[in-house]
Amino acid sequence: MKLEIDGHRLLAELETLSTFSDAEPPAVTRVVFTPTDLQARAWLISRCDEAGLAVRQDAVGNVFARWSGADPAAPAVGTGSHIDAIPNAGKYDGVVGVLSGLEAMRALQRCGFQPKHSIELLVFATEEPTRFGVGCLGSRLLSGSLTAEAARQLRDRSGESLDEVRQKAGFQGDLESVELPAGYYKAFVELHIEQGPLLERAETPLGIVMKIAAPASLRVSIEGAGGHAGGVLMPDRQDALCSAAELILAVESAARSTGSTDSVATVGICEVFPGAVNSIPSRVRLTVDVRDTDLRRRDGMIEALESALKTVSAKRHVSVLPELLNADAPADCALDVRAALSDSCRRHGLPFLEMVSRAYHDSLFISRIAPTGMLFIPCRNGYSHRPDEYASPEDIARGVLVLAETLATLAA
Ligand SMILES: [Zn+2]
C-alpha cells in the first residue's frame, strides 16, 4: 500500500474552513449553532459528500461521515475531532483532526485500500464549553457520560436552552437518541495539535498519547460586604476580592505542592461586583480548573482548595460557596491503538514521544465506550486557543500519513 497524502488540498481546506469565522483573520471564532458554525458544517459535509462518504447528523449536531467496509455490520473504526472554536482562537485546534481524518480516508481510497470494518469520520458537536459552560457535550452524550435529562438543563448566556438552540439550528430528534449502541466502534483515533511545547522542544514530529488528564472544574462564589472605599475602615471590611486573592494563591499552591508536573490548576475567570473604582468588592465569582493524570492527586488538589475555602471564610468573615461543575476521570489510551500508531511511525522512521494529553478532548469520553488513542503533532511554541496557533504543513502531512495507516491497520 503506497499512500500519497494530498497536503496541498488539505491546507487549502484548512484555509477555507478558517474563513467561516466571526472574528477578524487570522483569529477564528466559531461558536456552536451560530450561523457561521452552520455554514462551516455545510461546507464540510459537502467535502464528505464529494469523497463518497455517507453523512448523517444526530440530534445534538455530531456529524458522522462513513466509508462502508466490506462487512458493514461490523463495528466501525472512528476518527475525528471538532470544528467549533472559542472566541479569538486559531485555525488548527480540532480542525486539523477533522480534515486530517477526511484526507486520510481519501488517501486510503486513492490507493485502492478496501476496509473490512467501516471507517467513520466523526465531527464532535460542542467540544468547547463556550456556549453551554460544559465542554465535550457531543462526546459526553455519545458515550452516555451525560444524560439527556442533564443536557436539557443546560442554557447559554442568553438563557436559551440547549434543546431550543439545537432545534432552531435544525437538529431534531430526542437527545436520548444520541447515545451510541454498545460496540459501535472497534477503535477510535483522534489526531490533534499538542497544545503544548514538548514535541517542538524535543524536535520530534509526533506524539502518541498514553493518558488523557482528568479535568475538574468548580465555580466559587464569595459574598462579602460592599461599601464606600473611603468610608469603611480596614478592620471593618469583608472584602470579597481580597478573599478571592487568597483562594487563587491557594489553588496555585495546591498544584505546585503535589510533586508532579502533571498537576495543574488555574483560576481563569474572576468576576468582581460591583466593579467600581471607589467601591469595596462585595461579591466575586471565580472559576477553578484542576487537572491531573492521577485521579487521587487531582482530587487531593480539590480537597486542598476546599480546606482553603473554609480558612478564608472564617478569617475574613465572608461566605464562600463552591459548586463542582464537572469532575471527569482520566483515561488510558488503548494498547492496540497505540501499537498501530507506533508501528506506523517506525515503518516510516518517524521518531515519536509517548506523552500525556494535558488538555482534554472528546477522546476522553469516547475511551469509555471504545479502545481509543490520540496522535499529537507539534504546534509552534505550544500556542493554542489564540490567533497565532500554527502547525507546519510537513507536520500535518506526517500526522495524516500515520493516521491513515493506523486506520487501515485497525479496519483491515
Ligand atoms: Zn481541540
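The model shown is predicted, which means the values in this text are computed figures rather than measured ones. Keep in mind that the numbers below use all heavy atoms, side chains included, and drop hydrogens, waters and symmetry copies. As the structure lists them, so they are numbered: ligands from 1, and atoms in each ligand from 1.
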Problem set entry | Sidechain N-carboxylate O distance under 4.0 Å for Arg338, Glu354 | yes
Exercise. For the Zn ion (ligand 1), what is the closest N, O or S atom on Asp93?
Worked result: OD1
For this session: Of all N, O or S atoms in His192, identify the one at the shortest distance from the Zn ion (ligand 1).
Result: NE2
Exercise. N/O/S atom of His361 under 2.8 Å from the Zn ion (ligand 1), yes or no?
Worked result: no
For this session: Please state whether the separation between the Zn ion (ligand 1) and some N/O/S atom of Glu128 is under 2.8 Å?
Result: no
Problem set entry | Output field: ring centroids Phe124/Phe365 closer than 6.0 Å | no
Exercise. Is Asp156 salt-bridged to Arg131, going by a charged N under 4.0 Å from an acidic O?
Worked result: yes
Exercise. If every non-hydrogen atom of His361 is compared with every non-hydrogen atom of Cys136, which pair is closest and at what distance?
Worked result: C-SG, 3.8 Å
